[in-house]
Amino acid sequence: MSGFKSDFLATLSQRGFIHQVSDERGLDELYAKESVPTYIGFDPTASSLHVGGLIQIMLLKWLQETGHKPIALMGGGTGMVGDPSFKDEARKLMTLDTIQSNIDGIQQVFSKYLKFGGDKSDALIVNNADWLAPINYLEFLRDVGQHFSVNRMLSFDSVKLRLEREQSLSFLEFNYMILQAYDFVELNKRYGVRVQMGGSDQWGNIVNGIDLGHRMGTPQLYAITTPLLTTSSGVKMGKSLGGAVWLNADMLAPYGFWQYWRNTEDADVGRFLKLYTMMPLDEIERLASLGGAEINEAKKILATEITAMLHGREAALEAEETARKTFEEGALADNLPSIEVSTSELKSGLGVLALFVQAGLCATNSEARRQVKGGGVRVNDKTVSDERATLTDADLTDGVIKLSLGKKKHVLVRPI
RNA sequence: GGAAGAGUGCCCGAGUGGUUAAAGGGGACGGACUGUAAAUCCGUUGACUCAGUCUACGUUGGUUCGAAUCCAACCUCUUCCA
């Protein structure tokens, strides 16, 4: 499997990115021979990508690194339809405004990883609304629709779940795969794209595009998919300490992002270093083989390297330092997440419960109350046992009050 | 258009007149053990000014002392028929 000639596929294969490839040999030759425009589609379902999408970004990064042209496709058009693949029910339709603002949010992240410009291997961001929106329905049916067999589409695993659960699959959603297939062909015409990459759940959609290409006379197209990433204990990537792990800094601060990686399971360290950092493989080998508590050092490197790529080295080191202070020294670290409270309010006393809610550590007063009962609430590192306790400026330590929920979640209260 | 069935808490899923804020499981959160890991064990898991009150079983009405449970209409979905 690893006898790849092209730098790109060899790298992907060594680092564990590959789940399936269509026509390995042919694709390998293509990548070895010339610079190949390759694309990945991103659905604008939220205003930021989360860690789940990071692997796709790394794919584009390596692509560029090995001399090929990465194209990030924003699903401005397909987002109006919604991908039914492996979903057990239909998503709510998004408004055009939402889609556009999501695209604006998602796009930001690419400049952190890719080089844009006019060169051959410079990255490109395109939006499929550009060609999908103006489509004439009848023409499209005749030109494209005639090439699709409904019988075959119904046989795809990606829609089986839906059908088996006897949930409705609307005609609208059913069209998603046709549109995505058409994207592939269109991108070939516009930019000479030959390869589409994506998560393993996209295999069916991608192959549809390849087939459509055959029928519409494109050169041979190819597919590469990445494995569905779960942690070693089988949990899907992307949840941490209560929230999704967003890539945009305004949705998850670098410290929170760093923490997510710091808490990686032992068994995942090597795998994640290969996938999410660009460190040389022998170094990764060494780090991953650390045993016992020593592996924590590897986790820190993992966290810092990944955070540095996304948020910059400085922010990553700052996050590392903040974590070191709070967890290893038990000291007060300045850069923990914080909330502000007016000095006068603090003087007159604020209830712990309300404060924890305000800090976002608990969703409701009731939850805060439960946490107090369960012994999970601490103020300035002292467990709170009285749910009616109030905090005043007398509780300020070094000018702040430290609220903690559990062992890992800390928020500072700053008077202003 | 006709017929049959379904709609329960974050998710799955019990529950067919009262002791049901609703069994069970999953997930999530907290605690213990550790290494800010995993596994394991324990606890919590509608809201509130928690003594008590309020809001909840597709929606709106109705029957009843009392409804997630019965009735009516409506909405959505599924299957079969036209």
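All figures in this text were calculated on a predicted structure; none of them were measured in a lab. Below, chains carry the letters A, B, ... as their sequence lines are ordered, and counting in each starts from 1.
- Remark: aromatic rings of A:Phe116 and A:Phe110 are distant, center separation not under 6.0 Å.
- If you look at A:Phe272 and A:Trp261, their ring centroids are closer than 6.0 Å.
- In this structure, the CG atom of A:Asp268 is 10 Å from the C1' atom of B:rA38, given to the nearest Å.
- A ring-centre distance under 6.0 Å is not found for A:Tyr31 and A:Phe4.
- Nucleic acid contact class of A:Thr326 (heavy atoms, under 4.0 Å, all strands): none.
- Relative orientation of the A:His410 and A:Phe327 rings is perpendicular, given thresholds of 30° and 60° on the angle between their planes.
- Rounded to a whole angstrom, the distance from the P atom of B:rG24 to that of B:rG46 is 13 Å.
- Atom-to-atom, CZ of A:Phe257 to P of B:rU36 comes out at 22 Å; the value is rounded to the nearest Å.
- Residue-level contact check: A:Lys373 touches neither bases nor backbone, having no heavy atom under 4.0 Å from any strand.
- Across B:rG35 and B:rC11, the matching C1' atoms stand 33 Å from one another, rounded to whole Å.
- Atom CD of A:Glu321 is surrounded by more than 12 heavy atoms from other residues, nucleotides or ligands within 6.0 Å.
- Here the separation of B:rA82 from B:rC77, taken at their P atoms, is 22 Å to the nearest Å.
- Distances shorter than 4.0 Å separate none of the side-chain N or O atoms of A:Thr264 from OP1 or OP2 on B:rA37.
- The base of B:rU36 lies outside donor-acceptor range of the side chain of A:Lys409, with no N or O pair under 3.5 Å.
- Among the protein residues, A:Arg370 comes within range of the sugar-phosphate backbone only, with heavy atoms under 4.0 Å from sugar or phosphate atoms but none that close to a base.
- Whole-Å rounding puts the A:Glu265 CD to B:rA37 P distance at 11 Å.
- Separating the CG atom of A:Leu353 from the C1' atom of B:rA47 is a distance of 14 Å, rounded to the nearest angstrom.
- For the pair A:Asn365 and B:rU49, the criterion of a side-chain N or O lying under 4.0 Å from OP1 or OP2 is met.
- For RNA chain B, runs of at least 3 consecutive pairs of the Watson-Crick or G-U wobble type, with both hydrogen-bonding distances under 3.5 angstrom, map to B:1-7 with B:75-81, B:10-12 with B:24-26, B:27-32 with B:40-45, B:46-48 with B:52-54, B:58-62 with B:70-74.
- Ion pairing of A:Asp28 with A:Arg25 is absent here, as no side-chain N (NZ or NE/NH1/NH2) approaches a carboxylate O to less than 4.0 Å.
- When the P atom of B:rC77 is taken as reference, atom CG of A:Leu172 falls 13 Å away, rounded to whole Å.
- Comparing the C1' positions of B:rU40 and B:rC50 gives an interatomic distance of 34 Å, to the nearest angstrom.
- On the P atoms, B:rG26 is 31 Å away from B:rU78, given to the nearest whole Å.
- Separating the CD atom of A:Glu173 from the P atom of B:rC77 is a distance of 12 Å, rounded to the nearest angstrom.
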I would like to know whether A:Arg378 and A:Thr383 meet side-chain hydrogen bond (donor to acceptor under 3.5 Å, both in side chains); could you show each step before the answer?
CA-CA 4 Å; A:Arg378 279 169 301 136; A:Thr383 304; 5.0 Å; no

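- Within the structure, every side-chain polar atom (N or O) of A:Lys299 is placed at least 4.0 Å from both OP1 and OP2 of B:rA38.
- The CG atom of A:Asn263 sits 11 Å away from the P atom of B:rC29 (whole-angstrom rounding).
- Checking the phosphate oxygens (OP1, OP2) of B:rU45, no side-chain nitrogen or oxygen of A:Arg369 falls inside 4.0 Å.
- At a threshold of 4.0 Å, the pair A:Lys325-A:Glu320 does not count as salt-bridged, since none of the basic side-chain nitrogens sits closer than that to a carboxylate oxygen.
- For the C1' atoms, the distance linking B:rU8 with B:rU69 amounts to 11 Å, nearest Å.
- Taking atom NZ on A:Lys408 and atom P on B:rU34, their separation rounds to 16 Å, with Å as the unit.
- When heavy atoms are screened at a 4.0 angstrom cut-off, A:Asp266 is found touching base atoms of the nucleic acid.
- When heavy atoms are screened at a 4.0 angstrom cut-off, A:Ser366 is found touching base atoms of the nucleic acid.
- Going from the P atom of B:rA3 to that of B:rA67 covers 31 Å, rounded to whole Å.
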